[in-house]
Amino acid sequence: MPDATDGRHAEIHRQIAGVLAELVPSDPTIPPHPYLRRHLAEHAAEGHVLDDEHVPPALLAWESSSDVRRLLAAGGDGSAHRQWLQAWAALEPFARSAGPVSRLSSMLLARYTSTLPSQSRNESAPPAALSVAPVTPLWSDCASPIPAWTTTLKEVTSLATVESADGEAAAIAAGDDAGMVRILRLDGRLAHVPIRVHSGAVSHLVALKGGLVITAGTDGCVAAVNAVNGRLVRKVIVCHQRAWVSSLTSYRPRGQLPLLLAAFSDGTIEAFDTGRFLLRPIALPQLQDRSAVLCGIEMPDGTCRLLFTEHDTVSCFDGERASLRSQHAGRVRVLLALPWPGQYAVADESGNVSLCDLTGRNAVRAVGHHAAPITALLLTSYQHQPALVSAAGDGTLRLWRLPALVPVDGVLPAHTAPVNAMTCVAGGVHDRVLSGGADRIVRGWTVDQQTFGQPPKAWNHVTASALSSSAPHLLAVARASRVIVKDLTADRQCTLLKGRKITALAWLRVGEQLLLAAALKDNTIICIDPNTNQQTSAPMTGHYLPVRALVTLPSSRGELLASGSADGRLCVWQPATGELVAEFPDHKLTVRCLATYQGTSLSLLASGGSDGNIRIWDADTLEQHGPTIKCDQDVINDLAFIAPDEGGLLIAAAGQDGSLKLWDVERARPVRQLECSDGELGAVTAVRLPLERTALAVAGKTSIHLWDTTTERPLLQVVTGSPIRSLKTVQDPRDVASSILLAAGEAGTMAFRLHHNRL
């Protein structure tokens with residue numbers, strides 16, 4: 001029977017939440033009282049009324065508790081009226097540095113996406129109070145963002161659960177590829193200042209009782225961190241110069257206390273205790289594999305054996321000699337001791353999970369298959385029985401019942417990049433698995449049927465997109481061997497090129513006819529009439545590898561079509577006839593992006609690619625214009641021209657290294673650099689603002705960032721929660737008050753109107 005005291009407690013919080021909600025300003029640009037920002041959501045949760053009515057969207061743009069996603073997760077199903085709360089919870093971890101206007105815009109687009117196609121466009125329109133947002137959603141087929149447990153600026157490379165003295169999970173240790181170790185609370189917030197431990201990536205973490213965490217890195221060093229106070233206990237326990245630590249495991253030699261073993265790429269193993277961190281001279285095997293994996297395993301008689309790998313084999317060392325125990329289909333990536341003495345699990349690069357037994361004649365007892373190379377393996381609990389979770393290079397997780405290694409039907413699409421590490425938080429009704437990926441995100445998953453038992457979902461990534469420059473604005477999106485053409489000004493769409501795989505798209509005009517140029521997977525380019533779905537001219541052939549970029553090129557010869565290919569060639573075509581006008585094989589690697597500039601007396605084409613160079617071409621003479629720009633930004637993912645008021649043409653380059661640099665076209669010199677701190681930059685486009693100003697919209701791993709190039713000030717951050725690979729801007733020359741921005745990425749495509757006067 002419910003406690004009457006609990007009921008009164010909840011009723012008090014309901015009343016408080018109701019009163020406080022009325023105090024939230026209806027205008028979301030007006031900051032609410034700090035108490036409302038920090039505590040209104042908590043009062044609503046305590047009163048079991050955590051919904052959009054008691055926590056209105058105008059407050060969420062200012063919400064500062066950073067607890068909405070935690071409160072929603074703890075509150076169960078609760079009220080059904082949570083569209084704004086759920087939209088904000090999905091973006092909250094990515095929007096910590098964003099301002100209120102950016103948060104409002106991001107939440108508006110996320111809510112619009114989450115309600116489609118279940119609601120009509122009119123029903124998805126924002127409340128009148130949110131009409132001050134600088135964005136208006138026009139169309140989207142994006143998947144709703146998957147909530148993150150936490151996000152980091154660097155790639156997560158290792159995870160470990162820190163337990164308290166009584167064995168309860170107390171914190172999470174996370175290592176990254178920059179050598180930092182972060183101690184996080186169980187809700188994903190930092191418990192201490194990040195600790196610089198290694199000069200390379202933190203490759204391994206082992207959490208011991210009492211809050212001690214042993215770390216190993218690609219710099220060849222092993223160190224110790226105290227997770228309780230967030231301090232470095234021992235900078236160097238052992239270190240091998242010009243080597244890396246390939247494995248770190250616990251091991252108890254016969255008649256001795258437990259030790260930790262570190263395997264190094266120079267073939268040696270070092271053993272040390274966890275008290276005074278003294279090296280212990282014990283009998284150990286000599287390793288033949290620079291990437292050897294170690295695992296200590298307890299036997300039925302109470303003794304301990306040491307397992308070690310050599311490429312695709314696993315051997316057992318009994319303290320005196322080594323013997324081969326099992327061979328696998330690919331290089332062994334993970335060894336894991338199971339709860340039963342003498343039994344262990346093996347994961348290899350072929351995607352196999354194997355259960356093995358040291359006590360029987362046949363070591364391999366069962367084999368399961370994960371569709372991609374396995375990168376991590378974790379012991380957890382499912383339905384109160386031991387279970388395994390495997391993580392793979394395609395970003396997926398899979399759950400396996402033990403002891404028979406029976407897969408739970410379903411593959412969980414956890415990350416958009418390879419999963420590097422996992423850890424388990426036990427307790428409650430279900431265990432919780434935390435997975436860290438190369439996408440710089442750690443996500444939390446409940447180990448239950450609802451999470452892992454869903455049938456695999458085939459998500460067809462966008463392979464190309466294009467937006468016509470003049471009204472009616474037609475959006476073309478290629479995915480799943482077809483192209484969908486959507487009229488953004490009317491509720492109609494059609495399907496083109498069904499059954500054809502597309503690698504690039506561009507709209508162009510031949511005479512008065514609007515055509516869609518499509519690069520096919522067979523390396524050819526064709527032009528299609530969107531009204532008839534018929535090809536209008538001969539195919540354009542000449543590339544040896546798939547075309548990665550298409551762009552229309554105004555010139556004195558009329559409108560041409562330029563293509564950049566994985567074969568390193570830039571080609572210019574006459575689309576009316578399919579004739580090859582010119583080709584430039586100057587790029588040594590893939591041409592990844594193209595951009596054009598149309599001035600009063602000059603028409604230019606820019607190309608950038610995997611060789612890290614930018615080349616500018618004169619569209620009239622079809623010769624290189626100015627020197628080659630050597631960008632030093634790794635791969636160049638996208639380009640955009642800028643013509644500043646003070647004169648001098650610039651070109652913006654979005655680099656794989658995360659930098660956005662502006663280059664002087666004539667002198668091939670860097671002019672300035674804008675910092676987004678959002679990982680690899682996938683796309684950039686220019687937006688013309690009033691008063692002859694220009695902004696740059698650039699897409700990173702989690703957001704679209706809008707910058708004023710004149711003042712170098714950030715104007716807006718639209719949080720997407722997933723990488724954007726293509727940005728395109730369309731602006732009516734007669735309307736400088738707004739423009740349409742098209743963003744396409746791993747989650748899908750969105751188009752929204754950007755209101756310049758609201759920035």
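Keep in mind the model is a prediction, meaning the values are calculated, not measured.
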For H370 and V353, indicate whether the former's side chain and the latter's backbone hold a donor-acceptor pair under 3.5 Å. no

Atom OG of S390 and atom CG of L336: how far apart are they, to the nearest 0.5 Å? 11.5 Å

Would you mind reporting whether V442 and T151 have side-chain heavy atoms less than 4.5 Å apart? no

Assess, by modelled atom type and distance only, whether the side chains of T157 and D177 contain a donor and an acceptor separated by less than 3.5 Å. no

Answer with yes or no whether the side chains of N229 and H192 bring together a donor and an acceptor at under 3.5 Å. no

Heavy-atom side-chain contact between L358 and R325 under 4.5 Å: yes

Note: D266-R290 ion pair, threshold 4.0 Å (strictly below): no

Do V236 and V222 have side chains that get closer than 4.5 Å, going by heavy atoms? no

Hey, does the Lys NZ or Arg CZ of R398 hover above the aromatic six-ring of W400, less than 6.0 Å from the centre and inside 45° of the axis? yes

Under the 3.5 angstrom rule, does the side chain of S246 hit a backbone N or O of S291 as a donor-acceptor pair? no

Straight-line distance of S326 OG to R365 CZ, nearest 0.5 Å: 12.5 Å

Check: N420/E155 side-chain N/O donor and acceptor closer than 3.5 Å: yes

Is a side-chain N or O of T218 found less than 3.5 angstrom from the main chain of G200, in a donor-acceptor match? no

With no hydrogens and no angle check, do the side chains of E270 and H240 hold a donor and an acceptor under 3.5 Å apart? yes

S250 and R252: side chain donor to acceptor below 3.5 Å: no

Run the salt-bridge test on D348 and R333 with the 4.0 Å N-O cut-off and return the result as yes or no. no

Measure from the side-chain N and O atoms of D312 to the backbone N and O of A329, and report whether any donor-acceptor pair falls under 3.5 Å. no

Does NZ in K235 sit with more than 12 non-hydrogen atoms of other residues, nucleotides or ligands closer than 6.0 Å? yes

Pairwise distance CD1(I724) to NE2(H705) - rounded to 0.5 angstrom: 10.5 Å

Can you find a side-chain donor-acceptor pair between Y344 and S354 that sits under 3.5 Å? no

Would you say S158's side chain and V202's backbone share a donor-acceptor pair under 3.5 angstrom? yes

Under 3.5 Å, is there a donor on one side chain and an acceptor on the other for T396 and D394? yes

Answer yes or no: is there a side-chain heavy-atom contact under 4.5 Å between V206 and L260? yes

Given V425, which of D431, T380, I172 fulfils the side-chain contact (heavy atoms from CB on, under 4.5 Å) condition? I172

Check: T161 main-chain N/O paired with T423 side-chain donor or acceptor under 3.5 Å: yes

Determine whether the side chains of T313 and H328 contain a donor N or O and an acceptor N or O closer than 3.5 Å. no

Checking salt bridge (charged side-chain N to carboxylate O under 4.0 Å, His left out) against D176, which of R196, K154, R182, R440 comes through? R182

Do D187 and R185 meet the salt-bridge criterion of a basic N to acidic O distance under 4.0 Å? no

The test is side-chain hydrogen bond (donor to acceptor under 3.5 Å, both in side chains); show your working for R321 and S323 and say whether it passes. CA-CA 7 Å; R321 63 183 62 87; S323 60; over 6 Å; no

Any donor-acceptor N/O pair, D357 side chain to Q343 backbone, under 3.5 Å: no

Rounded to the nearest 0.5 Å, how far does CD of Q286 lie from CZ of F317? 11.0 Å

Is M299 close to P341 at the side-chain level, that is, under 4.5 Å between some pair of heavy atoms? no

Might you work through the salt bridge (Lys or Arg N to Asp or Glu O under 4.0 Å) test for D439 and K701, ending with a clear yes or no? CA-CA 7 Å; D439 53 6; K701 283 283 190 179; over 6 Å; no

Whether the side chain of R38 engages the backbone of E63 through a donor-acceptor N/O pair (distance < 3.5 Å, no angle test) should be reported. no

So, Q385 side chain and L402 main chain: donor-acceptor pair closer than 3.5 Å or not? no

Value rounded to 0.5 Å, distance of CG in D219 from CH2 in W244: 13.0 Å

Are side-chain heavy atoms of L205 and L159 found at a separation under 4.5 Å? no

V334 versus V346: any side-chain heavy-atom pair under 4.5 Å? no

Say you draw a straight line from CD of Q327 to NE2 of H311; how long is it, rounded to the nearest 0.5 Å? 9.0 Å

Answer whether the closest heavy-atom distance between the side chains of L306 and L284 falls below 4.5 Å. yes

Give a yes or no answer on whether the side chain of T215 reaches the backbone of A224 with a donor-acceptor pair at less than 3.5 Å. no

So, S435 and H415: side-chain donor and acceptor under 3.5 Å apart, yes or no? yes

